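Structure record follows, encoded as structure tokens.
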Amino acid sequence: MANGSHAYEVVVLGSSNLDLVATVERLPSPGETVLGTNYAEHAGGKGLNQAVACRRAGADTAFITCLGTDAAGETLHRLMTSEGIAAYVTDYEGPTGRALISVDEHGENSIVVVPGANAELSISVVDAHRDVIGRTGVLLCQLEVPIDAVEAALAIAKVGGARTILNPAPATQLNRSVLQLCDVIMPNQHEVALLGGATSLLDAGVSIVVITLGARGIKIVTQDGELQIPPFAVRALDTTGAGDAACGALATALAHGADITTAARRASAAGALAATKQGAVPSLPNQHDIDALVN
Ligand code: ADP
């Protein structure tokens, strides 16, 4: 149920995709046609993945996104509702975001992302949800939607007194004006390097840098120094969705009043659990699974 006057624990603003996944023996060369051996469709997009991750981790979650007026848009909207997410959907007369993915026998892939409706998440869409963003406890954003809309949402959340978290993926250069609005920035090791390193992010005005290090866990960096959060030992099967699970668990823990170290431990556990299962949305852990691993 979407209700504009409600104060959510976490508001996620971001992308929604339908992922179309073809399995092939080998990836085609340009101009070549190959036969696929399997086909599957999955919900995806970092925004949607992280909204599901927050909800399953136990947060009262709203999700602001744009969907096309096509069957994929209906499917994704139904998924949000069935997960218990308050969906604030803006419809766009065009395609829902899609990722066209081919994966070969060795796990090598080739991906075309068509942003579609995600490119329509504008400042005016953000403005239309000013009440929801202004009352939230935590705002969680990524970079699969236009950066000016992300910046506008971060600014509204800050004025409203929310904690703001940016997962800077896919990595791109970020202006100081954006970084100053981020309480927490949560890149992986490649993204933090592309952004010039943790120190430069802190110097630009970010309070806390939380770096996800895959199987090596998480590192928290502040002006006071660094803290390593050790990984949880799991039998990793597919790390797709691990980063999104970690972002959702961190946002949820902070919304529930945890300190950053406790929140990062829960994020590390959620990422580890996601790595034990295939896929993104199907692998996102629930609150009980996270509790069981951290305790
Ligand atoms: P991304 O998918 O964004 O690159 P990571 O691969 O760094 O994110 O994964 C996010 C978090 O999930 C890591 O910081 C770690 O805590 C956890 N994680 C990921 N892979 C493993 C693994 N193989 N074993 C244990 N924990 C993992």
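Read the numbers this way: they start at 1 and go in the same order the structure lists the ligands and their atoms. Since the model is a prediction, treat every value here as computed from it, not as a measurement.
When the heavy atoms of P231, G214, A242 are ranked by distance to atom 27 (C) of ligand 1, first place goes to G214.
Side-chain N/O atoms of E151 and S177 include a donor and acceptor closer than 3.5 Å.
Side-chain atoms of R55 come within 3.5 Å of backbone N or O of A59 as a donor-acceptor pair. In this structure, the side chain of S15 does not engage the main chain of G45 through any donor-acceptor pair within 3.5 Å. The closest donor-acceptor contact from the side chain of N188 to the backbone of T212 lies at 3.5 Å or more, if one exists at all. A donor-acceptor pair under 3.5 Å is formed between the side chain of D104 and the backbone N or O of G107. A side-chain donor-acceptor contact under 3.5 Å links N167 to the backbone of M186.
The protein atom (non-hydrogen) at minimum distance from atom 4 (O) of ligand 1 is N188 ND2, 3.0 Å. The nearest heavy-atom contact from the protein to atom 22 (C) of ligand 1 is A215 CA, 3.6 Å. For atom 12 (O) of ligand 1, the nearest non-hydrogen atom of the protein is G271 CA, 3.1 Å. Given atom 2 (O) of ligand 1, the protein heavy atom at minimum distance is G243 N, 3.4 Å. Scanning the protein for heavy atoms near atom 14 (O) of ligand 1, the closest one is G217 O, 2.8 Å. At the top of the distance list for atom 25 (C) of ligand 1, counting protein heavy atoms only, stands F232 O, 3.2 Å. Ranking protein heavy atoms by distance to atom 23 (N) of ligand 1, first place goes to A236 CB, 3.5 Å.
Considering backbone and side-chain N/O of T212, one or more are found under 3.5 Å from N/O of ligand 1.
The proximity of S268 to ligand 1, defined as any non-hydrogen pair under 4.0 Å, involves the side chain as well as the backbone. Only the side chain of V234 comes within contact range of ligand 1, with a heavy atom under 4.0 Å; no backbone atom does.
Sorted by first and then second residue, the salt bridge (charged side-chain N to carboxylate O under 4.0 Å, His left out) pairs with a member in residues 62-74 read D70-R98; sequence neighbours excluded.
Of all atoms in ligand 1, listed by their number and element, those nearer than 4.0 Å to a heavy atom of L213 are 7 (O), 14 (O).
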Show me the donor-acceptor pairs, under 3.5 Å and distance only, between side chains in residues 213-224 and residues at least two apart or in other chains.
unit_1 : atom_1 : unit_2 : atom_2 : d
R216   : NH2    : Q189   : OE1    : 2.6
T222   : OG1    : D224   : N      : 3.1

